[in-house]
2 protein chains.
Amino acid sequence: MTVHMELSHDNHDVTGPVRAPLPTVRRLPAYLGLLRKYAVEGALTISSASIAAELGLEPIQVRKDLQITGLSGQPGVGFSVEALIDAIELFLGWDNATDAFIVGAGNLGSALAGYDGFALYGLNIVALFDNDPAKVGTEIHGRPVFHIDRLIDLAWRMHVHLGILAVSSTAAQQAADLMADAGLQAVWNFTPVQLKMTDGIIVEKVDLAASLAVLSNRLATAIKDKRGVHNADE
Amino acid sequence: MTVHMELSHDNHDVTGPVRAPLPTVRRLPAYLGLLRKYAVEGALTISSASIAAELGLEPIQVRKDLQITGLSGQPGVGFSVEALIDAIELFLGWDNATDAFIVGAGNLGSALAGYDGFALYGLNIVALFDNDPAKVGTEIHGRPVFHIDRLIDLAWRMHVHLGILAVSSTAAQQAADLMADAGLQAVWNFTPVQLKMTDGIIVEKVDLAASLAVLSNRLATAIKDKRGVHNADE
DNA sequence: TAGATTGTTAATCGATTAACAATC
DNA sequence: TAGATTGTTAATCGATTAACAATC
């Protein structure tokens, strides 16, 4: 007879941590948003079927996804809304706010500084950086703008590990290198530039071009299809 | 003996068009950007191996991806830079500029109106819409701001089919419904809201939360790992 | 107990990668 | 011809989905 040890949340072995599937991680914020809505409405539990129905997914996919948080549901009942919120927040590191710098105080940087939704994602913008003397010393959406030369100093002093890159394409790589020198561990890249970074620095790109490509291709196909139907009709 | 008809770019059959793999479509803009750089430098041909090396991909993946454009390379030589640019632009519908409206002239909408990179993606912002009387009648980055009530009228008159949604979360669904009423065929959704749209309207979401989730999870893991090493060392 | 819902195990699906013959 | 590189066919990999026993 064999005894099976229970190894729930067994997220690493000798060779290193087992990476969570990326599509799953990307869906977690949608779950979290829905769960928060349910929590406000006073719901105590929720089933994978209801989550799936609201988000247009399959119940089995919801259950598979939620497993990576390590939380178990109760057969016949569902998942505890509160426990699930906590588990997802913990998994994403959104249980405590993460301080972040915005590098580049132009149109996009300013807009991001003014985006109040970041609080829901555990993100706290503490300052912006720019090389424009006209901007340095001012405040944007209540956050101070410092000269880019002060990035290294202030990153160390304020223990900031995350930088949001929102400069022009031409300045992107140089600014990213400076962020690396400042000891930032992660760069959220809003520029269209494919950054070349030293290993160990986490880079996540908000790829507008990729997103627009999907939209454009579908639109081009839809218009082509419509023309095709037209021709067939006439 | 069987004669095989050549059916390159055979993208649809009786049951409808074969969808191009989404990951492939998302990588096309990166190829396009690199190819344009090569074109400026005067290169006539490029091999899948060089493209792969520059973008950190596998040569075979590059060749597979490029096949959906319908363009063939030349064995022993590579791909024509110019022909490949044209093929990708055509596939994405970026060969002719697409006019677009921005709905929401707040921080984000204004920033998007000022983003000059869109020209490279075949996108032409022609106007913004808002319900704030203080903004209506002004110009943002050279584009007129109209009252949201004029959306339906102007969309028809100007033959605009694409709308960029950049309003607040609370206004998102209502604005999206209006865009549908205005006959827009596609919505590029910059809000965190999961829109409920009638079938046939293309919606592509720029999912900041999903992107940040990937970053946060990696950052949380990295920090946890570091702590683990520390403990083991001490 | 009966009904609801979970988590596991296996099957399917789609994307990536490997091997290599075909071609310039 | 020899070297380089493509496109095809098959193998692998990872994510999604299906079936169902286990559990509340």
Side-chain angles (χ1 to χ4, degrees), chain A residues 2 4-11 15 17-28 30-31 38 43-81 83-84 87 210 214, chain B residues 2 4-11 15 17-28 30-31 35 38 43-81 83-84 87 210 214 217:
Chain A
T2 316
H4 290 274
M5 278 185 63
E6 207 175 306
L7 288 172
S8 88
H9 209 349
D10 177 26
N11 240 8
T15 58
V18 173
R19 252 205 329 100
L22 224 70
T24 293
V25 176
R26 293 180 57 86
R27 282 188 292 266
L28 290 180
Y31 297 142
Y38 270 76
L44 295 178
T45 62
I46 189 171
S47 71
S48 61
S50 346
I51 297 177
E54 293 255 19
L55 300 177
L57 305 172
E58 296 296 323
I60 175 61
Q61 182 168 59
V62 173
R63 273 172 298 176
K64 259 279 158 65
D65 283 347
L66 296 181
Q67 277 177 3
I68 69 165
T69 67
L71 189 82
S72 298
Q74 239 185 338
V77 180
F79 294 82
S80 155
V81 171
L84 201 43
V214 174
Chain B
T2 315
H4 290 274
M5 279 186 60
E6 205 174 309
L7 289 173
S8 86
H9 208 349
D10 176 27
N11 242 9
T15 59
V18 174
R19 252 210 323 105
L22 224 69
T24 293
V25 176
R26 294 181 56 85
R27 281 189 292 268
L28 290 180
Y31 297 142
L35 289 163
Y38 270 77
L44 296 179
T45 62
I46 189 171
S47 71
S48 60
S50 345
I51 296 176
E54 293 254 22
L55 299 177
L57 304 171
E58 296 296 323
I60 175 62
Q61 183 169 56
V62 172
R63 280 184 312 240
K64 260 279 159 66
D65 283 346
L66 296 182
Q67 276 177 4
I68 69 164
T69 67
L71 189 82
S72 298
Q74 241 185 337
V77 180
F79 295 82
S80 156
V81 171
L84 200 43
V214 174
N217 173 242

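By convention in this document, chain letters (A, B, ...) are assigned in the order of the sequence lines, proteins followed by strands, and residues within each chain are numbered from 1.
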Residue mapping more 5' on DNA chain D - nearest nucleotide basis, A:P21 or A:P75: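 Looking at the nearest nucleotide for each, A:P21 comes out on the 5' side.
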Show the nearest heavy-atom pair for residues [X] and [Y], with the distance to one decimal.
| X | Y | result |
| --- | --- | --- |
| A:A52 | A:P59 | CB-N, 3.5 Å |
| A:Y38 | A:S50 | OH-CB, 4.3 Å |
| B:L35 | B:I46 | CD2-CG2, 3.7 Å |
| A:I51 | A:Y31 | CG2-CD2, 3.6 Å |

Atom-to-atom span, [atom1] of [X] to [atom2] of [N] - whole angstrom:
| X | N | atom1 | atom2 | result |
| --- | --- | --- | --- | --- |
| A:I51 | C:dT6 | CD1 | C1' | 12 Å |
| B:L22 | C:dG14 | CG | C1' | 12 Å |
| B:Q74 | D:dA4 | CD | C1' | 12 Å |
| A:I68 | C:dG7 | CD1 | P | 14 Å |
| B:R27 | C:dT17 | CZ | C1' | 12 Å |
| B:I46 | D:dA4 | CD1 | P | 18 Å |
| B:L71 | D:dG7 | CG | P | 8 Å |
| A:L84 | C:dT6 | CG | C1' | 13 Å |

Is there a donor and acceptor pair closer than 3.5 Å between the side chain of B:K64 and the base of C:dT17?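 Side chain to base: pair present.
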So does [X] get a side-chain nitrogen or oxygen closer than 4.0 Å to the phosphate oxygens (OP1/OP2) of [N]?
| X | N | value |
| --- | --- | --- |
| A:R63 | D:dA18 | no |
| A:Q67 | C:dT6 | no |
| B:S72 | D:dT6 | no |
| B:S47 | D:dA4 | no |
| A:Q61 | D:dT16 | yes |

Report the C-alpha separation of A:L28 and B:N217 in whole Å, then their side-chain angles, then the decisive distance to 0.1 Å, and conclude whether the side chain to side chain contact (heavy atoms under 4.5 Å, CB included) test is met. CA-CA 11 Å; A:L28 290 180; B:N217 173 242; over 6 Å; no
What pairs with A:A83 under side-chain contact (heavy atoms from CB on, under 4.5 Å), at least two apart in sequence or on another chain?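 If we apply the side-chain contact (heavy atoms from CB on, under 4.5 Å) test to A:A83, skipping adjacent residues, the hits are A:L71, A:S80.
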Return the residues of residues 52-60 of chain B meeting this criterion: a heavy atom under 4.0 Å from some atom of DNA chain D. Order them by number, or give none.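 Listed by number, they are B:I60.
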Only one of A:D65, A:L66, A:I60 passes side-chain contact (heavy atoms from CB on, under 4.5 Å) with A:V62; say which it is.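 It is A:L66, the one option of A:D65, A:L66, A:I60 that forms the side-chain contact (heavy atoms from CB on, under 4.5 Å) with A:V62.
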With a 4.5 Å limit on heavy-atom distance, are the side chains of A:L57 and A:R27 in contact?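 A:L57 vs A:R27: side chains touch.
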If I take atom CD from residue B:Q61 and atom OG from residue B:S48, how far apart are they, to the nearest 0.5 angstrom?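 One gets 11.5 Å once the value is rounded to the nearest 0.5 Å.
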To the nearest 0.5 angstrom, please state how far the OG atom of B:S47 sits from the CD atom of B:Q74.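 The OG atom of B:S47 sits 13.0 Å away from the CD atom of B:Q74.
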Extract the stems that DNA chain D is part of, considering only consecutive pairing runs of at least three Watson-Crick or G-U wobble pairs, both distances under 3.5 Å.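 When the pairs of DNA chain D are grouped into runs of at least three, the stems are C:3-24 with D:3-24.
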